[in-house]
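Below is one structure, written out as structure tokens; the observations come after it.
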Amino acid sequence: MTVKQISVFLENRYGQLHEITNILAEAGVDLKALNIAETTDYGIVRILVDDVPKATDVLIGAGCVISVNPVQVIAVPNKSGGLNEVLGKIAEANIDIEYMYSTVDGKDDVAKLVFKVDKPEELEKIL
Amino acid sequence: MENYYSKEIETMPVEQIRELQNEKFLKQMQHVWNDCPDYRAKMEKAGISIDDIKSLDDIGKLPFITKDDLREHYPYAMLAKPLSECVRIHSTSGTTGKRVIAYYTQHDIDLWDECCARALVAAGATKEDVVQVSYGFGLFTGGAGLNGGSHKLGSLTLPMSSGNTDRQLQFMIDLGATVICCTPSYAAYLAESIKERGVRDQLKLKAGIFGAEAWSEEMRRDIEAGLGIKAFDIYGLTEISGPGVSYECSEQTGMHINEDHFYAEIIDPDTGEVLPEGSEGELVFTSLDKEAFPVIRYRTKDICVLTRKACSCGRTFIKMVKPRGRSDDMLIIKGVNVFPSQIEAVLLEQGYQANYQLIVDRVNNSDTLDVNVEMTPEKFTDNLGEIADMEKKLVGALKAMLGIFAKVHLVAPKSITRSEGKAVRVIDKRKI
Ligand SMILES: [Zn+2]
């Protein structure tokens with residue numbers, strides 16, 4: 001399933017991440033997933049939320065630099081070898097994974113994973 | 001073939017120029033001594049009499065004039081003619097304090113117009129051309145200077161003044177303007193507007209004269225490509241007369257100074273000592289035949305280099321390279337002169353906003369330069385690798401411009417400290 005992910009520029013200094021989660025919490029936006037990619041100086045916080053327009057509004061209003069991009073959310077069976085199987089199919093289809101991370105959203109028997117890939121249509125097709 | 005407005009003067013052998021300058025300088029000093037009480041008082045205070053000035057070689061004995069001197073004696077500073085003989089004033093913008101008022105007699109206007117006519121001809125203009133003057137008119141010298149120069153040359157002159165881009169483009173197209181004179185930033189804006197409207201093929205422009213602002217070589221190439229012209233630089237200050245103190249020729253490697261009207265020196269900004277040709281330092285001008293508002297050894301605060309190297313255009317006037325920045329702003333880092341304006345130019349070229357902060361420090365007896373740059377929504381991407389590449393590109397461009405390594409830090413928008421709405425641009429921890 002394709003969903004909209006919000007990426008926020010993060011300066012690597014104390015309390016920056018909390019500032020962002022605080023802006024969202026105050027607006028009543030629910031975080032479904034969060035991931036950080038960083039260098040020593042700066043990073044990118046990637047989030048999935050329940051209300052994308054509201055989240056972008058409050059983040060931009062607070063002076064954040066953001067970008068909104070499509071990512072794929074894939075349900076992976078929460079059993080031994082489940083992720084291995086999915087990654088195997090992706091490799092076989094020659095799909096390149098730019099990054100992936102897990103959500104806090106999911107039930108006992110499935111884990112929901114976020115994928116950023118070079119060929120999103122094919123990923124949807126094979127899984 | 002190269003054209004000249006005043007061929008004999010512009011291509012005069014160097015020794016003859018010096019002779020002419022010497023003769024005019026002595027006359028100018030006599031005029032100042034007799035008719036300019038402000039400067040005479042400065043000379044007397046420095047213990048110098050007109051009898052001590054026997055030739056141009058004695059110019060080093062004379063005191064400098066600074067912008068503060070001109071402000072202090074507002075509104076008649078350095079006035080050397082009765083007001084009844086003056087026909088016009090111009091004035092500086094006064095953004096950094098009291099305005100400076102420059103007075104002109106008809107002779108002074110004629111002299112200035114001649115300088116601008118030379119600049120137009122050096123840019124390839126003739127009386128057949130249609131010259132669009134899109135500098136501001138009024139107290140600002142930009143519009144009046146190029147307008148006067150174009151009149152003198154006999155070209156059809158469009159006194160457009162600045163702004164109202166629709167009307168600018170309409171006249172440019174309908175009247176077939178061939179030469180445009182404006183600030184480089186407005187030229188870049190016009191080029192954008194022309195591209196948006198898709199009217200480039202309706203233009204007859206061939207040359208542009210752009211000054212009154214700092215601009216880079218990259219910006220020159222962009223304007224040239226965008227307008228389909230050759231872009232020429234021009235230099236001048238209201239305190240000296242206006243645009244046309246120096247002007248660029250077809251070689252585009254610096255601006256020829258109108259040496260029959262202005263004598264240029266390069267000094268060490270700290271000691272005031274005159275530096276040999278080819279050294280970088282502060283540019284100082286002395287007028288040689290102005291009546292109402294003569295300036296003797298005026299410190300421009302512009303840092304640049306003078307060169308007598310033979311020019312392919314055939315002009316023998318000394319050339320000044322584009323000023324690198326202002327002496328007030330100059331930082332010396334690892335022995336290299338660095339100007340915030342250079343860093344700003346690189347940032348704008350690379351698509352960042354001019355919101356930056358320089359932090360200079362000394363670590364293990366070696367200077368360091370850190371540049372904080374605000375991330376912009378336009379530059380931001382979800383890809384960390386792309387951001388790292390952008391950063392690397394910026395480091396490379398800064399190195400190419402400054403000649404030293406600067407560490408770049410991308411910071412959150414609006415995070416750079418502001419005092420009274422203005423960003424604190426430079427933090428020099430070496431002085432703390
Ligand atoms: Zn030349």
Side-chain angles (χ1 to χ4, degrees), chain A residues 2-23 33-49 52 55-72 96-101 114-118 120, chain B residues 343 346-348 350-361 363 368-399 405-419 421-424 427 429:
Chain A
T2 304
V3 301
K4 280 182 178 167
Q5 168 192 266
I6 302 174
S7 304
V8 188
F9 179 76
L10 182 77
E11 202 183 317
N12 266 3
R13 61 185 163 82
Y14 187 75
Q16 271 273 290
L17 181 60
H18 181 241
E19 270 175 39
I20 293 168
T21 54
N22 207 34
I23 291 163
L34 185 145
N35 162 263
I36 301 173
E38 59 181 348
T39 70
T40 50
D41 265 359
Y42 54 83
I44 300 170
V45 186
R46 300 177 176 124
I47 53 175
L48 297 188
V49 294
V52 175
T56 54
D57 267 7
V58 293
L59 287 169
I60 291 171
C64 294
V65 168
I66 67 165
S67 76
V68 179
N69 304 286
V71 290
Q72 315 310 122
D96 192 29
I97 301 173
E98 202 179 295
Y99 57 79
M100 58 166 288
Y101 59 96
V114 181
F115 283 87
K116 174 80 177 174
V117 296
D118 61 341
Chain B
I343 292 167
V346 170
L347 290 176
L348 291 173
Q350 301 276 324
Y352 297 90
Q353 282 165 3
N355 231 349
Y356 61 94
Q357 193 165 52
L358 312 182
I359 296 146
V360 189
D361 205 350
V363 179
T368 59
L369 171 62
D370 288 62
V371 183
N372 289 342
V373 184
E374 286 186 358
M375 177 55 99
T376 70
E378 294 76 31
K379 297 290 273 182
F380 180 59
T381 118
D382 176 47
N383 187 316
L384 208 55
E386 281 174 18
I387 298 180
D389 286 346
M390 257 161 50
E391 201 181 7
K392 244 184 245 159
K393 208 174 147 208
L394 182 55
V395 169
L398 286 169
K399 178 93 203 274
F405 171 75
K407 190 166 176 13
V408 167
H409 305 273
L410 294 171
V411 300
K414 300 187 180 74
S415 67
I416 288 172
T417 344
R418 276 153 220 223
S419 57
K422 234 180 156 185
V424 178
I427 299 172
K429 294 184 175 170

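Heavy-atom basis, side chains included; hydrogens, waters and symmetry copies ignored. In what follows, chains carry the letters A, B, and so on, assigned in the order in which the sequence lines appear, proteins first and then strands, with residues in each chain numbered from 1.
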Residue pair [X] / [Y]: nearest heavy atoms and the distance that separates them:
| X | Y | value |
| --- | --- | --- |
| Gln72(A) | Pro120(A) | OE1-CB, 3.2 Å |
| Glu11(A) | Leu410(B) | CG-O, 4.3 Å |
| Val65(A) | Thr376(B) | CG1-O, 3.7 Å |

Query raised in the report: To the nearest 0.5 Å, what is the distance between CD (Glu374(B)) and NZ (Lys379(B))?
Result: 14.5 Å
Query - Nearest-0.5 Å distance, CG of residue Asp118(A) to CG of residue Asp96(A) - result: 5.0 Å
**Report entry** Proximal to chain A - members of residues 385-396 of chain B, heavy-atom separation under 4.5 Å
**Finding:** Ile387(B), Ala388(B), Glu391(B)
**Report entry** Aromatic Tyr101(A) / basic Arg46(A) pairing, under 6.0 angstrom, 45° off normal
**Finding:** no
Report summary line: Hits for salt bridge (charged side-chain N to carboxylate O under 4.0 Å, His left out) against Asp41(A), two or more places apart or cross-chain, chain-then-number order -> none
Report summary line: Max heavy-atom pairs within cutoff under 4.5 Å with chain B, candidates Ile66(A), Val68(A), Thr39(A), goes to Ile66(A)
Requested in this report: Tell me, for Glu98(A) versus chain B, whether the close heavy atoms (under 4.5 Å) come from the side chain, the backbone, both or neither.
Outcome: side chain
